[in-house]
2 protein chains.
Amino acid sequence: MTGKNLAGPKTDVLDLGAVFRALADEHRRSVMTQLAADHSDNERGCNSFDLPISKQTQTHHFRVLREAGLIDEIDYGNRKGIRLRRADIEKRFPGLLALLEAEPSGGPLVAERG
Amino acid sequence: MTGKNLAGPKTDVLDLGAVFRALADEHRRSVMTQLAADHSDNERGCNSFDLPISKQTQTHHFRVLREAGLIDEIDYGNRKGIRLRRADIEKRFPGLLALLEAEPSGGPLVAERG
DNA sequence: CCTCAGGTACGATTCAAGTCATACCTGAAG
DNA sequence: CTTCAGGTATGACTTGAATCGTACCTGAGG
């Protein structure tokens with residue numbers, strides 16, 4: 001199974017309000033900052049973001065990001081892939097990803113750890 | 001009296017999180033959309049935005065926008081002026097105002113009234 | 001079958017934010 | 001002085017969001 005994409009809902013009806021609401025949260029912004037900084041746009045696992053919150057809350061945050069149209073979630077059953085919708089975002093909101101990219105990766109959550 | 005500027009607090013410490021939180025609210029985003037669309041950047045009165053909320057709540061919203069570093073508030077005692085901090089915003093967050101400007105002025109609050 | 005790790009669903013809690021009512025301040029105009 | 005409009009301060013209410021606990025589902029590997 002290649003995994004089914006769960007992002008269908010809001011493709012071209014991206015709402016700026018929903019996007020700002022999504023990016024208003026520190027943890028979600030951390031995810032988006034990391035995604036924006038990685039121009040390979042490879043599919044990533046949910047655990048690759050080192051979020052200091054429970055897995056239930058992570059599920060919630062990824063759902064918000066998906067419903068805002070910022071990411072795709074690929075369901076593999078017992079695993080999940082995350083992919084930035086870079087092209088769509090750039091088309092509707094040009095410059096938005098650049099703003100996130102200009103932020104220190106991970107923001108105040110990661111500080112310096114290496 | 002020329003009026004004293006109340007915006008001093010956060011000039012160069014503009015926080016992207018605070019900005020996104022400020023723009024997450026529909027009414028505040030409406031204000032910013034209108035300000036971004038008017039390139040004359042003239043000082044405007046608080047009542048020029050037609051917000052469908054009480055004046056106490058308007059005070060609250062303008063305070064949030066000011067504390068996020070997005071506007072200046074000029075206090076005339078019994079009157080108040082609002083001015084977009086276009087140059088500062090463009091410097092820290094280039095492209096942000098363009099995103100707002102691309103939105104329909106007033107957004108879903110005004111609908112069409114002309 | 002069982003076990004295990006990753007993820008979700010539901011409910012409950014906690015907290016921040018938007019909103020307004022009441023009361024008060026400020027300056028301009030009578 | 002009084003009146004009035006614009007704005008603020010404080011408190012209270014209400015809604016929404018973030019968080020987690022418990023329970024359950026999913027697929028891989030024994």
Side-chain angles (χ1 to χ4, degrees), chain A residues 1-9 15 17-32 43-68 70-83 107-109, chain B residues 1-9 15 17-33 43-68 70-83 106-109:
Chain A
M1 171 117 47
T2 320
K4 34 185 177 178
N5 193 327
L6 297 177
D15 175 45
V19 169
F20 282 146
R21 271 191 299 278
L23 294 175
D25 181 87
E26 200 178 16
H27 297 134
R28 290 194 293 262
R29 202 167 56 254
S30 171
V31 168
M32 289 300 297
E43 190 177 311
R44 296 181 56 166
C46 293
N47 304 335
S48 65
F49 296 99
D50 287 328
L51 297 176
I53 50 182
S54 68
K55 56 181 183 176
Q56 306 97 301
T57 304
Q58 291 190 33
T59 296
H60 165 67
H61 284 314
F62 286 121
R63 165 187 276 266
V64 172
L65 288 175
R66 172 171 56 84
E67 290 183 345
L70 295 174
I71 64 171
D72 282 337
E73 293 183 284
I74 299 94
D75 182 19
Y76 296 104
N78 67 342
R79 200 168 181 164
K80 198 172 60 176
I82 302 293
R83 198 187 310 120
L109 292 177
Chain B
M1 170 116 50
T2 319
K4 34 185 176 177
N5 192 327
L6 297 177
D15 175 46
V19 169
F20 282 146
R21 272 190 298 276
L23 295 175
D25 181 87
E26 200 178 15
H27 297 134
R28 290 194 293 262
R29 201 167 58 253
S30 170
V31 170
M32 289 301 296
T33 299
E43 190 177 310
R44 297 180 56 165
C46 293
N47 304 336
S48 65
F49 296 99
D50 287 327
L51 297 177
I53 50 180
S54 68
K55 56 182 183 177
Q56 307 96 302
T57 304
Q58 292 189 33
T59 296
H60 165 67
H61 284 313
F62 285 120
R63 165 187 276 267
V64 171
L65 287 175
R66 172 171 55 84
E67 291 183 345
L70 295 174
I71 64 172
D72 281 338
E73 292 183 286
I74 299 93
D75 181 19
Y76 296 102
N78 67 343
R79 199 170 184 163
K80 198 171 59 176
I82 302 294
R83 199 187 309 121
L109 292 178

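Within every chain, numbering begins at 1; the chains are lettered A, B, ... in the order of the sequence lines, protein sequences first and strands thereafter.
For the pair A:Glu67 CD and D:dA17 P, the interatomic distance rounds to 11 Å; values are reported in whole Å. Atom NE2 in A:His61 sits roughly 15 Å away from atom P in C:dG7 (whole-Å rounding). Here the C1' atom of nucleotide D:dT15 and the NE2 atom of B:His27 are 14 Å apart, to the nearest Å. Atom CD of A:Glu73 is separated from atom C1' of C:dG6 by 13 Å (rounded to the nearest Å). The separation between A:Lys55 atom NZ and D:dT22 atom C1' is 11 Å, rounded to whole Å. Rounded to an integer number of Å, the gap from CD1 of B:Ile74 to P of D:dG7 is 12 Å. The CD1-C1' distance, from A:Ile53 to D:dA17, rounds to 13 Å in whole Å. Residue A:Glu26 contributes atom CD, which lies 14 Å from atom C1' of D:dT19 at whole-angstrom precision.
Judged by atom type and distance alone, B:Gln56 does not reach the base of D:dG7 through any side-chain donor-acceptor pair under 3.5 Å. Between the side chain of A:Lys80 and the base of C:dG7, no donor-acceptor pair of N or O atoms lies under 3.5 Å.
Using a 4.0 Å cut-off, some side-chain N or O of A:Arg63 falls inside it from OP1 or OP2 of C:dA9. The side chain of B:His60 places no N or O atom within less than 4.0 Å of a non-bridging phosphate oxygen (OP1 or OP2) of D:dT8. Phosphate contact (OP1/OP2 of D:dT8, side-chain N/O of B:Thr59, threshold under 4.0 Å): present. Look at A:Arg21 and you won't find any side-chain N or O under 4.0 angstrom from OP1 or OP2 of D:dG16. A close approach under 4.0 Å does occur between a side-chain nitrogen or oxygen of A:Asn47 and OP1 or OP2 of C:dG7. The shortest distance between the side-chain N/O atoms of A:Thr57 and the OP1/OP2 oxygens of D:dC20 is below 4.0 Å.
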* To do: Just do the side chain to side chain contact (heavy atoms under 4.5 Å, CB included) check on A:Ile82 and A:Glu43 with the steps written out, would you?
  => CA-CA 5 Å; A:Ile82 302 293; A:Glu43 190 177 311; 6.0 Å; no
* Output, in order, the C-alpha distance, side-chain angles, deciding distance and verdict of side chain to side chain contact (heavy atoms under 4.5 Å, CB included) for A:Arg21 and B:Leu23. => CA-CA 8 Å; A:Arg21 271 191 299 278; B:Leu23 295 175; over 6 Å; no
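Judged by distance alone, with hydrogens and angles left aside, the side-chain atoms of B:Gln58 form a donor-acceptor pair with the main-chain N or O of B:Ile53 at under 3.5 Å.
Between B:Val31 and B:Phe62, some side-chain heavy-atom pair lies under the 4.5 Å cut-off. Between A:Cys46 and A:Glu73, the closest side-chain pair of non-hydrogen atoms is not below 4.5 Å.
With D:dA18, C:dT19, C:dG18 as the choices, the nucleotide that has an atom nearest any side-chain atom of A:Asp25 turns out to be D:dA18. Candidate nucleotides C:dA28, C:dG6, C:dC20 were compared by shortest atom distance to the side chain of B:Asn78, and C:dA28 ranks first.
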